2 protein chains.
Amino acid sequence: MPASRASVRKIAEPTVRRLSHYLRYLEAFERAGRGTVSSGELAHSGGTTSAQVRKDLSFFGSFGKRGLGYDTHELVAKLRQILGLDRAWRLVIVGAGKIGSALARHPGFRGRGFEVVGIFDADPNRVGHVLGGVAVWDVKVLESEIRHLRADIAVLAVPPEEAQTIATRLGRAGVHAILDFSTAPLEVPAGVTVRSVDLALELEVLSHALVSR
Amino acid sequence: MPASRASVRKIAEPTVRRLSHYLRYLEAFERAGRGTVSSGELAHSGGTTSAQVRKDLSFFGSFGKRGLGYDTHELVAKLRQILGLDRAWRLVIVGAGKIGSALARHPGFRGRGFEVVGIFDADPNRVGHVLGGVAVWDVKVLESEIRHLRADIAVLAVPPEEAQTIATRLGRAGVHAILDFSTAPLEVPAGVTVRSVDLALELEVLSHALVSR
DNA sequence: TCCTGTGAAATTCTTCACAGCC
DNA sequence: GGCTGTGAAGAATTTCACAGGA
């Protein structure tokens with residue numbers, strides 16, 4: 001049952017994260033000129049076990065060679081396809097504050113197929129400026145401009161009290177994926193995926209680790 | 001078997017994350033003047049089930065009141081203790097680039113008990129400046145200054161190729177917790193906890209969600 | 001009646017272990 | 001010999017469901 005071209009089967013989120021990890025390491029192996037990689041090597045770089053790697057990959061069919069490992073190029077291409085990275089995604093950033101503008105200038109996104117095509121802010125002093133080569137628009141024109149820019153994904157970097165309003169507007173504008181840096185709980189319509197990055201929460205996990213050693 | 005004062009039992013990471021979430025919402029309830037909160041309400045704000053909330057909390061003893069719910073203040077205090085937030089943590093940021101300096105100026109940390117006490121960078125043009133009220137030190141004096149500042153947690157915001165070196169030096173300087181923004185795989189000595197925040201990876205999870213709908 | 005605390009069941013995720021192929 | 005693919009076992013986590021206190 002090999003996955004047919006477009007639609008990719010539903011995978012558990014921890015698995016998706018591992019696949020993304022594997023891809024990262026595979027690309028490093030690829031740059032190093034390695035033709036094949038074994039599940040053990042992938043496991044070592046990613047902090048899992050070889051059995052886990054094989055299980056994760058076997059989910060999509062078998063493209064390893066016994067006794068050898070996986071063909072680096074082939075596996076990279078396959079993972080890109082599974083993760084939807086065989087196309088470019090168009091990103092907008094909402095909120096040109098500290099985090100938003102740091103992200104706008106972050107060069108790492110474009111390199112991985114995520115192109116920032118627009119930035120929005122409510123502050124008239126910021127509107128019209130250019131950040132990282134991208135124009136800052138007034139958030140008033142969010143919906144129309146997002147359609148115009150054909151954005152797929154939005155990065156939400158606004159104060160918590162505005163997050164819900166913007167998220168709702170993003171949903172209406174046809175954005176189906178949001179990377180949320182506000183710490184507010186968001187309610188979004190079905191069909192919109194939200195991933196939250198909460199730095200205070202990450203610090204709290206570390207805090208717990210420190211006291212529970 | 002109620003947890004005794006200082007040492008807190010080992011909990012699975014997903015549980016810790018949920019506890020942190022609960023705390024966030026509880027604080028909102030507290031500000032709204034709510035004396036008690038039910039597991040159902042906590043579950044709703046956090047996107048889980050009431051049974052999950054009760055299981056998570058019952059792990060530390062029973063401090064809910066049947067028919068009523070949990071005492072807001074009491075539960076806030078308890079969660080703070082479990083998460084190690086009943087004390088202040090001293091944070092250093094290594095790397096005063098885009099992400100590092102955005103974090104240094106981020107007001108949300110101090111508000112939640114994490115105080116940025118020092119910043120380090122290798123660029124002489126940045127050394128000696130002040131970011132968000134905190135001095136930028138030369139990374140050459142990392143070890144001695146970290147001991148001097150009595151830092152508990154380090155935020156690693158350096159280029160990937162330097163991440164391992166710095167992580168090793170942080171370990172030697174007595175830092176037991178690292179929040180890592182570089183995307184390199186880190187090897188750290190036992191006793192050092194690392195949490196990685198990888199924005200490209202988060203975007204890839206969203207990408208996968210978009211193609212697998 | 002409302003809501004907690006918790007064994008038991010169900011489900012999900014991970015590891016084991018080995019047959020099979022290069 | 002080395003390494004994949006995978007059923008089966010095992011572990012961990014989540015959900016169910018209900019007894020019992022406010």
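Chain naming here is simple, since letters A, B, ... match the order of the sequence lines and numbering starts at 1 in each. Keep in mind that what you see is a predicted model, and the values were worked out from it rather than measured. Side-chain atoms are counted along with the backbone in the values below, which use heavy atoms only and exclude waters and symmetry mates.
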Give a yes or no on whether a salt bridge exists between [X] and [Y], defined as a side-chain N under 4.0 angstrom from a carboxylate O.
{"X": "B/Arg17", "Y": "A/Asp198", "value": "no"}
{"X": "B/Arg90", "Y": "B/Asp152", "value": "no"}
{"X": "B/Arg195", "Y": "B/Glu13", "value": "yes"}

Base-contact (B) and sugar-phosphate-only (S) positions in nucleotides 8-18 of chain D, heavy-atom cut-off under 4.0 Å, - elsewhere: B----SSB-B-

Give a yes/no answer on whether the side chain of [X] brings an N or O atom under 4.0 Å of OP1 or OP2 in [N].
{"X": "B/Ser39", "N": "C/dC3", "answer": "no"}
{"X": "B/Tyr70", "N": "C/dC2", "answer": "no"}
{"X": "A/Ser62", "N": "D/dT4", "answer": "no"}

Can you measure [X] atom [atom1] to [N] atom [atom2] for me and round it to whole angstrom units?
{"X": "A/Leu68", "N": "D/dG2", "atom1": "CG", "atom2": "P", "result": "13 Å"}
{"X": "B/Phe63", "N": "C/dT6", "atom1": "CZ", "atom2": "P", "result": "11 Å"}
{"X": "B/Arg66", "N": "C/dC3", "atom1": "CZ", "atom2": "C1'", "result": "9 Å"}
{"X": "A/Tyr22", "N": "D/dT4", "atom1": "OH", "atom2": "P", "result": "12 Å"}
{"X": "A/Asp71", "N": "C/dC22", "atom1": "CG", "atom2": "C1'", "result": "15 Å"}
{"X": "A/Ile11", "N": "C/dC13", "atom1": "CD1", "atom2": "P", "result": "12 Å"}
{"X": "B/Phe60", "N": "C/dT4", "atom1": "CZ", "atom2": "P", "result": "17 Å"}
{"X": "A/Leu57", "N": "C/dT14", "atom1": "CG", "atom2": "P", "result": "14 Å"}

Residues in ring pair (Phe, Tyr, Trp, His ring centres under 6.0 Å) contact with A/His176, at least two apart in sequence or another chain: none

Aromatic plane relationship, B/Phe109 with B/His106 - under 30° parallel, 30 to 60° tilted, over 60° perpendicular: perpendicular

pair B/Ile146-B/Phe120: side-chain heavy atoms closer than 4.5 Å: yes

Full working for side-chain contact (heavy atoms from CB on, under 4.5 Å) between B/Ile82 and B/Ile11: CA-CA 10 Å; B/Ile82 292 164; B/Ile11 327 166; 3.8 Å; yes

